[in-house]
Trainee: 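Structure below; questions to follow.
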Amino acid sequence: MKKASVFDRLMEWFFRSRRDLPWRRDRSLYSVLVSEMMLQQTQVSRVVEYYGRFFKRFPTLETLAEASLNEVYQLWGGLGYYRRARLLHEAAKSLVKDIPRGEAWEKLPGIGKYTAAAVRAFVFNEPVAVLDANVKRVLARFRGVLSSHEKRLSELMQLLVCYGVKRGYEPRDVNEAFMELGALVCSKKRECMICPLHLACCTFLGGEERYLVVEKKNYLRVEERCAAFLRPDGKVWLVPSERWREGLWDLPLLRQRRGEALGGFALSYGVTNHRVMRHVEVFLVEDEKPDQEGRWEDVTGCSLALGSPAKKSLEMLCEFVAMLKNLPR
DNA sequence: AACTCGGGGCA
DNA sequence: TGCCCAGAGTT
């Protein structure tokens, strides 16, 4: 019998401490696909909120493939990076016709190097390295490799997966163990004292954070002006999102002024590397339609797919209107 | 390898 | 306001 190694300690820790996440109960192609697409650049806690709802509406790959894109966008509303919703829908339509093998997974829409590896390891249990931001951070600290050396880290993870398989572990478990360690123990703030790897860890033994390379991002400030055309019955004019957020609905950009100008308000939101200041001008109009194609929607109970800026704008519009009513005129 | 894609939450 | 997060696609 082999002596318990540091590696075994990691795996014991993993089997004892891993989180019970919805998409881990059933590692089917569909559940892994949906969860991985949602998890791209998105935190686990946020995905948990959306995953169940999405699964309830589209329980199988086929139901998703047959759905309309607008329905998919609606369930995605608020999750961000809406292109993922379209790409997931396209991937589903492709997958009901043909399931790829091996590296061909990367050719599917929305599925890159990471997600392809995740599907291969988690669904098909292939011995491939799944290298996400968590695993990169863990390996960089553990083996003393700069986190920017992606190729080196990728090779290292591949070795670890093979080593794990030789010791009798499954590829999906080895990959998930490193990922989970990065999420629960070796996160930005590391907790070395509870880490199953710490006795062999370059960073713990060295005592300093030396291997994480952080690149500085530049944040651009942007301004945008929108118009809220409000009817006396509380409906507001919404249009298909312009420029960005394809498939969602929003207030129109300010190009025309009509009716009675009631003033306005401003809000700010961040997106990727931008900080946007949105000014909303409110106009009280009768039934006449603005020039642009759109729909009258209730300010409070809008049934269209909205992004966060649109939701926030409508919320503030409600408050704005309420405030006006309390003013003597 | 670097850049953009335009998200959302959090401290 | 800056930063993080189970990245992908393009040049």
Side-chain angles (χ1 to χ4, degrees), chain A residues 18-19 21-24 27 31-51 73 76-88 90-91 105-123 128-139 147-152 154 157 172 175-184 186-189 212-224 241-248 250 267-278 305-312:
Chain A
R18 63 176 157 187
R19 292 166 293 178
L21 299 171
W23 49 90
R24 284 185 177 170
R27 303 244 80 167
S31 52
V32 169
L33 185 71
V34 172
S35 62
E36 292 301 341
M37 291 295 288
M38 287 187 169
L39 283 161
Q40 290 170 13
Q41 297 291 286
T42 304
Q43 295 173 60
V44 169
S45 59
R46 194 116 314 272
V47 172
V48 171
E49 298 171 25
Y50 282 79
Y51 180 85
Y73 276 134
W76 206 272
L79 197 54
Y81 282 119
Y82 296 90
R83 188 170 57 158
R84 291 182 295 172
R86 176 172 55 82
L87 296 173
L88 170 60
E90 285 174 17
W105 277 99
E106 288 186 37
K107 294 201 173 92
L108 281 174
I111 298 193
K113 201 169 166 48
Y114 164 78
T115 309
V119 168
R120 294 176 65 185
F122 296 151
V123 180
V128 295
V130 184
L131 204 72
D132 71 339
N134 280 319
V135 178
K136 282 184 209 166
R137 187 176 57 249
V138 170
L139 293 187
S147 61
S148 55
H149 291 181
E150 192 150 333
K151 191 172 179 202
R152 178 91 179 70
S154 168
M157 189 60 194
R172 58 163 66 99
N175 278 298
E176 218 163 75
F178 280 92
M179 214 175 269
E180 197 71 341
L181 189 69
L184 298 182
C186 193
S187 51
K188 226 49 196 175
K189 288 217 169 268
L212 299 189
V213 180
V214 284
E215 70 220 66
K216 184 150 162 50
K217 292 173 186 169
N218 282 324
Y219 290 86
L220 303 175
R221 266 169 283 282
V222 179
E223 296 209 354
E224 66 185 8
S241 228
E242 306 174 62
R243 302 194 293 194
W244 306 306
R245 282 181 280 269
E246 165 200 3
L248 300 188
D250 204 341
L267 56 124
S268 103
Y269 60 91
V271 33
T272 59
N273 62 331
H274 298 265
R275 174 65 50 179
V276 184
M277 179 65 69
R278 169 182 288 201
L306 304 176
S308 277
K311 281 182 190 162
K312 200 168 171 184

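Each chain gets a letter, A, B and so on, in the order its sequence line appears, and its residues count up from 1.
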Trainee: Could you tell me whether A:Tyr269 contacts a base, only the sugar-phosphate backbone, or nothing, with contacts defined as non-hydrogen atoms closer than 4.0 Å?
Mentor: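 Since a base atom lies under 4.0 Å of A:Tyr269, the category is base.
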Trainee: Give me the atom names and distance for the closest heavy-atom approach of A:Ala117 to A:Val130.
Mentor: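 Heavy atoms of A:Ala117 and A:Val130 come nearest at O-CG2, 3.6 Å.
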Trainee: Measure from NZ on A:Lys136 to C1' on C:dC4 and round the result to the nearest Å.
Mentor: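 Those two atoms, NZ and C1', are 14 Å apart.
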Trainee: OH of A:Tyr51 versus C1' of C:dC5: gap in Å, rounded?
Mentor: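 Going from A:Tyr51 (OH) to C:dC5 (C1'), I get 19 Å.
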Trainee: Counting only side-chain heavy atoms from C-beta out, which of C:dT1, C:dA6, B:dG7 sits nearest to A:Arg24?
Mentor: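 Selected nucleotide: C:dA6.
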Trainee: Base, sugar-phosphate or nothing for A:Arg46? Non-hydrogen atoms, less than 4.0 Å.
Mentor: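 Sugar-phosphate: the residue A:Arg46, judged by heavy atoms under 4.0 Å, touches backbone atoms but no base.
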Trainee: Between A:Gln41 and C:dG7, is there a side-chain N or O to OP1/OP2 distance below 4.0 Å?
Mentor: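 A:Gln41 to C:dG7 OP1/OP2: side-chain N or O found under 4.0 Å.
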Trainee: Taking the same atom, C1', in B:dA11 and in C:dA6, what whole-Å distance lies between them?
Mentor: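 Per the computed distance, 22 Å lies between those C1' atoms.
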Trainee: Among A:Leu88, A:Thr115, A:Val123, which residue satisfies the side-chain contact (heavy atoms from CB on, under 4.5 Å) criterion with A:Glu36?
Mentor: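 Testing A:Glu36 for a side-chain contact (heavy atoms from CB on, under 4.5 Å) against A:Leu88, A:Thr115, A:Val123 leaves exactly one candidate, A:Thr115.
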Trainee: Starting from P on C:dT10, measure out to CD on A:Glu106 and report it in whole angstrom.
Mentor: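 Roughly 13 Å, once rounded to whole Å.
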Trainee: Is any N or O donor-acceptor pair between the side chain of A:Arg83 and the base of B:dG6 shorter than 3.5 Å?
Mentor: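 Counting by modelled atom types and ignoring angles, no donor-acceptor contact under 3.5 Å is found here.
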Trainee: C:dT10 and B:dG7: how far apart are their P atoms, nearest whole angstrom?
Mentor: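 Comparing P positions in C:dT10 and B:dG7 gives a spacing of 16 Å.
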Trainee: Name the nucleic acid region contacted by A:Gly182, choosing base, sugar-phosphate or nothing; use a 4.0 angstrom heavy-atom cut-off, strictly under.
Mentor: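 The residue A:Gly182 makes no contact with any strand.
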Trainee: Between atom NZ in A:Lys188 and atom P in C:dG2, what is the gap in whole Å?
Mentor: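 The answer, rounded to whole Å, is 18 Å.
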Trainee: Which value, in whole Å, describes the distance between the C1' atoms of nucleotides C:dC5 and B:dC5?
Mentor: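 Rounded to whole Å, the distance is 16 Å.
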Trainee: Contact class for A:Ser308 (heavy atom, under 4.0 Å): base, sugar-phosphate, or nothing?
Mentor: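 A:Ser308: backbone/sugar contact only, no base atoms under 4.0 Å.
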Trainee: Could you say whether A:Pro109 or A:Glu36 is positioned toward the 5' end of DNA chain C, judged by the nucleotide with the nearest heavy atom to each?
Mentor: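 Residue closer to the 5' terminus by nearest nucleotide: A:Glu36.
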Trainee: Starting from P on C:dA6, measure out to NZ on A:Lys113 and report it in whole angstrom.
Mentor: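 Atom NZ in A:Lys113 sits about 19 Å away from atom P in C:dA6.
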Trainee: Given B:dG8, is OP1 or OP2 found less than 4.0 Å from the side-chain N or O atoms of A:Tyr82?
Mentor: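 Yes, within the criterion.
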Trainee: At 4.0 Å (heavy atoms only), tell me whether A:Trp76 reaches a base, stays on the sugar-phosphate, or touches nothing.
Mentor: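 It contacts nothing in the nucleic acid.
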Trainee: Is the CD atom of A:Glu49 crowded by more than 12 outside heavy atoms at less than 6.0 Å?
Mentor: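 More than 12 within 6.0 Å, yes.
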Trainee: Using a 4.0 Å heavy-atom cut-off across all strands, classify A:Ser45 as base, sugar-phosphate, or nothing.
Mentor: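 If one applies the 4.0 Å heavy-atom cut-off, A:Ser45 turns out to touch nothing in the nucleic acid.
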Trainee: Taking atom types as modelled, find out whether A:Gln40 and A:Tyr114 have a side-chain donor-acceptor pair closer than 3.5 angstrom.
Mentor: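 No.
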Trainee: Would a 4.5 Å heavy-atom cut-off, applied to side chains only, mark A:Ser147 and A:Arg137 as touching?
Mentor: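 No, their side chains stay 4.5 Å or more apart.
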Trainee: If you check every side-chain atom of A:Tyr81, which of C:dA8, B:dG6, C:dA6 has the closest atom?
Mentor: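 Side chain of A:Tyr81 sits closest to B:dG6.
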Trainee: Could you tell me the separation between the OH atom of A:Tyr50 and the C1' atom of B:dG7, rounded to a whole number of Å?
Mentor: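 Nearest whole value for this atom pair: 10 Å.
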Trainee: Compare the minimum distances between each of C:dA6, C:dC4, B:dG6 and the side chain of A:Val44, then state the nucleotide with the smallest one.
Mentor: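 Nearest to the side chain of A:Val44 among the choices is C:dA6.
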Trainee: Where the side chain of A:Arg275 is concerned, which of C:dG2, C:dG7, B:dG8 is the nearest nucleotide?
Mentor: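 Selected nucleotide (nearest to the side chain): C:dG2.
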Trainee: Counting N and O atoms only, with roles assigned by atom type, does the side chain of A:Trp23 sit under 3.5 Å from a partner on the main chain of A:Arg27, one being a donor and the other an acceptor?
Mentor: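 Absent.
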Trainee: Pick base, sugar-phosphate or nothing for A:Arg137, based on heavy-atom distances below 4.0 Å to the nucleic acid.
Mentor: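 Counting heavy atoms under 4.0 Å across all strands, the contact made by A:Arg137 is with sugar-phosphate only.
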Trainee: What's the CD-P distance between A:Gln40 and B:dG6, to the nearest Å?
Mentor: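 It works out to 14 Å between those atoms.
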Trainee: Among the candidates C:dA6, C:dG7, B:dG7, find the nucleotide nearest to the side-chain atoms of A:Val271.
Mentor: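 In terms of side-chain proximity for A:Val271, the closest of C:dA6, C:dG7, B:dG7 is B:dG7.
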Trainee: Tell me the closest heavy-atom pair linking A:Trp76 and A:Tyr50, and the distance in Å.
Mentor: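 Of all heavy-atom pairs spanning A:Trp76 and A:Tyr50, the closest is O-CE2, 4.0 Å.
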Trainee: Map A:Asp132 and A:Gly270 onto DNA chain C by nearest heavy atom, then report which one ends up closer to the 5' terminus.
Mentor: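 In this pair, the answer is A:Gly270.
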Trainee: Rounded to the nearest Å, what distance is computed from the NE2 atom of residue A:His274 to the P atom of nucleotide B:dG8?
Mentor: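 Rounded to the whole Å, the gap is 14 Å.
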Trainee: Assign A:Ala118 to base, sugar-phosphate, or nothing according to its heavy-atom contacts below 4.0 angstrom with the strands shown.
Mentor: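 Answer is nothing: A:Ala118 stays at 4.0 Å or more from every strand.
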